[in-house]
Every structure is written in structure tokens, then in C-alpha cells.
Amino acid sequence: MRIAILADIHANREAFETVLADLEGRDIDRLALLGDIVGYGPDPEWCTDKARALVADGAIAVRGNHDHAIRNGDADFNITARRVIRWTRERLDPAQSAFLSELPFTHREGGVLFVHASANSPEDWNYVSGPDRARASFATTDARCIIVGHRHVPDLISCDLTGRTARHRPTVGLAMPLIGSRRWLAVVGSVGQPRDGIAKAAYAVLDTARQELTFLRVPYNILRTVEKLRQLGLPESLALRLNWGA
Ligand code: ZN
């Protein structure tokens, strides 16, 4: 099975639509939405409705911290994130808010665990920022593959039988073999707000039969998203961030 994994869409309609179009012809069997469908971006209603339709069609979806904050506290958020989440709450109707805030924290399918932040503590929104921080996730689950978002920076970490972890540099467009003697944790990068200095939407494709993971990047119409942010009076730092991809 080939699963396309989209994390951290962040209400960026242009990036979301571009990635969905990019999937055409890639022989995808299933979609997984890894949380943070909203927050930061100008199109929370459209992105939530699209995600709901995809889930109704069989897509996997888990809850991100911004989805969670729609009906819960936002005390952990910085001032920019909090301002936009409060604006987002006003835009969403009760059904849209319920969909986001009732998404499961994790989804397990065979040997693959999907979670927004970390496997060891999904509700604490910890960042898996490197091999050391990944150890707790590997120790919590027997899943061969843990797929996460949250960091907005693509990363690939493996763990051997003794529990030793190692980092592997994600190479865009290359099917990376997930060797059977190790377990794997992939951070797939962000569709709607990349932070690795590359201003292109990021997503990944997991081929469970071939045991391969492919990191992908697609350019999208950033100018249009930026224009919407400015027209809506949302924080300028978010517009600059999209331009820089950082
Ligand atoms: Zn996010």
C-alpha cells in the first residue's frame, strides 16, 4: 500500500490543493493527515471541510496541537499562534470545530503508528527534534514505523535492536529504504508552513509493501496565500515566514 502523508497543512489552501494535485499519478492508495489542519493560515474553513471529506472517503487523520486548541486552552502558544487560533475559532462552525477537536491522538495501522508530535506522549506535543528525543517514542511502541509531523522540518531517524538511534538525511524525491533490521521514525515536514528554509510544500509517501519512504517538495502559489494573510490583517510575520520557508 502506498500512503501519502500530509502534516501541518495549517489552513494553507494553496499548498494543500497543490499537494493533492501532485498525488495524481503517484499511485496512492491512502491518505494520512497528520494534524494541524488549521492555525497560522488564512483558509481554516476550506481546509477543515476538505479534510472532513477526505476522512469520509477513508483518509487517516490524527489531532494536532492547533486542532486541539480550537476547543481547548491555548496557553502554551506563542502570541502569534494564539492570535490566529482565536481568529480561527470565530471562523469555524460547530461541526467543523467538533471534527478537529475530536480527531484521535494516534492511529495504528499494522506496523505503522501515525501521531502528530511524539509516540511516547502524544497529548504533550513534544518535539522529536533529533535521535536522542526519538528514543522515548521508540521505547513506547513496537510499531516498526512511527510517522510524525509537528516540527515542520523533514527528518528521518532509525533505531537498532539495542535501542541505539541514528539520523539519516532525507533526500527529496528518492525512495529511501526502511531497512528491516531497524525501526524508523519519520518527520514528514509541513505542507502549509515549512521551516527548513525551502519555501515549498513538504509531504511524504510511504510504500508499506516495498518498505520505502519518499520525501517530496512541491512549489505552490505562495503569493496568493501571503495576499490573503495581509488582506485578513493576520500577523505579517506569518506572511514573511511562508516567503522564506523558515
Ligand atoms: Zn504545526
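Order of listing sets the numbers, starting from 1, for every ligand and every atom in it.
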Measure the acute angle between the ring planes of F16 and W46, then classify it against the limits of 30° and 60° as parallel, tilted or perpendicular.
perpendicular

Sorted by chain and number, sequence neighbours left out, ring-ring contact (aromatic ring centres under 6.0 Å, His included) with H152 holds for H10

If you count every protein N, O or S atom closer than 2.8 Å to the Zn ion (ligand 1), you should arrive at 4

Taking CZ in R71 as the centre, count heavy atoms belonging to other residues, nucleotides or ligands within less than 6.0 Å. Is the count above 12?
yes

Step by step, work out the salt bridge (Lys or Arg N to Asp or Glu O under 4.0 Å) result for D142 and R108.
CA-CA 11 Å; D142 63 356; R108 174 84 184 248; 3.0 Å; yes

Nearest heavy-atom pair of R167 and D155: which atoms, and what distance?
NH2-OD2, 2.7 Å

Taking the side chain as C-beta and beyond, is there a heavy-atom pair between F105 and H116 under 4.5 Å?
no

